> 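One structure is given below, represented as structure tokens, and several questions about it will come after.
Lettering follows sequence order; numbering is per chain, from 1. All values reported here derive from a predicted model rather than from experimental measurement.
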There are 2 protein chains.
Amino acid sequence: MKYSASKEDYLKAIYHLQEGQSVVTTNALAAALQAKPASITDMLKKLKKEKLLNYERYKGFRLNNEGKKVAVHIIRKHRLWEYFLVNKLQFGWDEVHEIAEELEHLSSKKLVDQLDAFLEYPATDPHGDPIPDSQGRFIQERQVSLLDYPLNKMAKVSGVASQTKEMLDLLQHKNIQIGTRLEVKRKFPFDNSLELKIRNQPTITVSELVAKNVMVKDE
Amino acid sequence: MKYSASKEDYLKAIYHLQEGQSVVTTNALAAALQAKPASITDMLKKLKKEKLLNYERYKGFRLNNEGKKVAVHIIRKHRLWEYFLVNKLQFGWDEVHEIAEELEHLSSKKLVDQLDAFLEYPATDPHGDPIPDSQGRFIQERQVSLLDYPLNKMAKVSGVASQTKEMLDLLQHKNIQIGTRLEVKRKFPFDNSLELKIRNQPTITVSELVAKNVMVKDE
DNA sequence: ATTTATTTTTAGATTTGCCTAAAAATATAT
DNA sequence: ATATATTTTTAGGCAAATCTAAAAATAAAT
Ligand SMILES: [Mn+2]
Ligand SMILES: [Mn+2]
Ligand SMILES: [Mn+2]
Ligand SMILES: [Mn+2]
């Protein structure tokens, strides 16, 4: 089946929203897609008719297996193209999202798989998010927010929860990127800000909001 | 300005059709785009309102300078992506056209220019057609049909006039591609077929129709 | 110069994806 | 439990891009 770019964006957004949540609401999706709730309801009816999600009016909705499969495939394409843009075309990690937002809708199956091979089957995209394989399988790394990480223990930055341009800009400025190794040296309960140490660099401070959105793994 | 994929396809098709012709007709464009004449008329009104072409009802039409500029930029993207697909992603030259037909509509200026740099500024696409530079300049090679080429003179295949999948398939089978060096050994006036010799390969025969569509240059 | 054929345009519909404004259902607060 | 607020859906419309069928203009043939 081939779906419109718009439908694919809906499926992708629902997929992300339903992580954790038991059910996704019309308003939440409207906010995520920057659209009006009435438009969401319209599209939900179509997606339901196409058997991509479960939906009863006024009761929220959730992708079924078929919907999830499609969503994961879009996510695979999005992340592969982001990897391509950063690692082959010299883009910064903070400027690839919008372009990948278009590239993810290309429909050729062979294109994606050849791209994957050309890139040598990367495991994660430039933001640290895992790239599903052609079967849709991927490991969801158990990563934890820097805010909850113990003091004086080496951590490796593995992802960024909020991927706005502003956030990525700020991290770039503070020399934090995917793979950066750092330790939390101090936590200030007053404002929940943190002091971080990266080897060979002066100590830096990040706010609670930043720390919450930086995901790390051990080591 | 940003134009819809549909409008870009119209501009590109008109650009190709108006080569030679003094004016393009509604039916010719309908045939090229596989659409109904009524749809063409609708779109012509819109493109005229956007000042991309000259059009008076019942009198045919032609791109103006602005329309040509847009068309050439789409063609640049189309050919760069074809080059990428063949030379980086291992596609055959006969399977890239449809995919490039989608890729050519990506709007990021930086994407095209970085791709161009990554590919090291190729001069021609996999079918031998010249790739315009970022200013829209390109050399239209003076190439001649193999049908009109003299006997026993070394020629280099530089392009293919008819780029249907069937034609490209046939050339592939006969081991003819862009850059292939060959000589015309004999012409049979009965059916205008040709006998060709490629070094280290047995002599082959091509029909008048094939020869007419194979473009060559000296050397 | 008429008639006939062809080309092109208009008129009116359809589909997709979005919107605003109003109505209906559900949730919250008193 | 009732009133109030919030969420969600419906009703009706709009713009883009296409189509079919009919009308109008142009071209070709007698
Ligand atoms: Mn998208
Ligand atoms: Mn990403
Ligand atoms: Mn196209
Ligand atoms: Mn080409």
> Please give me the minimum heavy-atom distance between B:Y3 and B:E8, naming the atom from each residue.
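Looking at all heavy atoms of both residues, the closest pair is O-OE2, 3.6 Å.
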> Can you list the residues that meet the side chain to side chain donor-acceptor pair (under 3.5 Å) rule with A:E50, with sequence neighbours excluded?
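Checked A:E50 against side chain to side chain donor-acceptor pair (under 3.5 Å); matches are A:K7.
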> Under the salt bridge (Lys or Arg N to Asp or Glu O under 4.0 Å) test, which residues partner A:K36, sequence neighbours left out?
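Testing A:K36 for salt bridge (Lys or Arg N to Asp or Glu O under 4.0 Å), a comparison that skips the adjacent residues, returns none.
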> Is there a residue in residues 2-10 of chain B whose heavy atoms reach under 4.0 Å of DNA chain D, and which residues are they?
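Result for residues 2-10 of chain B: B:S4, B:S6, B:K7, B:Y10, sorted by number.
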> Could you give the CD1-to-C1' distance, from B:I40 to C:dT6, as a whole number of Å?
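It is 17 Å, rounded to the nearest whole Å.
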> Name all residues meeting the side chain to side chain donor-acceptor pair (under 3.5 Å) criterion together with A:K109; count only those two or more places apart in sequence or in a different chain, and write none if there are none.
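For A:K109 the side chain to side chain donor-acceptor pair (under 3.5 Å) partners, ignoring immediate neighbours, are A:D113.
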> Who are the side chain to side chain donor-acceptor pair (under 3.5 Å) partners of B:Q21, not counting sequence neighbours?
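Once residues adjacent in sequence are excluded, B:Q21 has no partner under the side chain to side chain donor-acceptor pair (under 3.5 Å) criterion.
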> Are A:Y83 and A:F91 close enough that their ring centers fall under 6.0 Å?
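No - the distance between ring centres of A:Y83 and A:F91 does not fall below the 6.0 Å cut-off.
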> Check each residue of residues 23-39 of chain B for a non-hydrogen atom within less than 4.0 Å of any atom in DNA chain C, then write out the ones that pass by number, or none.
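Per residue number, the list reads B:T25, B:T26, B:N27, B:P37, B:A38.
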> For A:E56, what residues pass the salt bridge (Lys or Arg N to Asp or Glu O under 4.0 Å) criterion, not counting sequence neighbours?
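Counting only residues at least two positions away or on another chain, A:E56 forms a salt bridge (Lys or Arg N to Asp or Glu O under 4.0 Å) with A:K48.
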> What residues, two or more places apart in sequence or in another chain, satisfy salt bridge (Lys or Arg N to Asp or Glu O under 4.0 Å) together with B:E208?
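Expected list: none.
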> Within a strict 4.5 Å, meaning less than it, do heavy atoms of the B:Y10 and B:L47 side chains meet?
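B:Y10 vs B:L47: side chains touch.
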> Can you list every side-chain hydrogen bond (donor to acceptor under 3.5 Å, both in side chains) pair that touches residues 118-129 of chain B, not counting sequence neighbours?
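Residue pairs passing side-chain hydrogen bond (donor to acceptor under 3.5 Å, both in side chains), neighbours aside: B:E82-B:H127, B:D129-B:Q163.
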> Between B:M43 (CE) and D:dA16 (P), how many Å, whole number?
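Result: 10 Å.
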> For B:Y15, give me all partners under side chain to side chain donor-acceptor pair (under 3.5 Å), at least two apart in sequence or on another chain.
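Partners of B:Y15 by the side chain to side chain donor-acceptor pair (under 3.5 Å) criterion come out as none, since no residue qualifies.
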> Between the protein and nucleotides 12-14 of chain D, list every N/O to N/O distance that falls short of 3.5 Å.
none

> Could you check which residues of residues 52-63 of chain B get a heavy atom under 4.0 Å from DNA chain D? Sort them by number, please.
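B:Y58 - these, ordered by number, are the residues of the stretch whose heavy atoms sit under 4.0 Å from the strand.
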> Using 4.0 Å as the upper bound for N to carboxylate O, is an ion pair formed by A:E95 and B:K110?
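Salt bridge flag = yes for A:E95 with B:K110.
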> Can you tell me how the ring of B:F118 sits relative to the ring of B:F84, calling it parallel under 30°, perpendicular over 60° and tilted otherwise?
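Answer is tilted, since the angle falls between 30° and 60°.
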> Expressed in angstrom and rounded to an integer, what is the separation of B:K45 atom NZ from D:dT18 atom C1'?
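Rounding to the nearest Å, NZ of B:K45 and C1' of D:dT18 are 14 Å apart.
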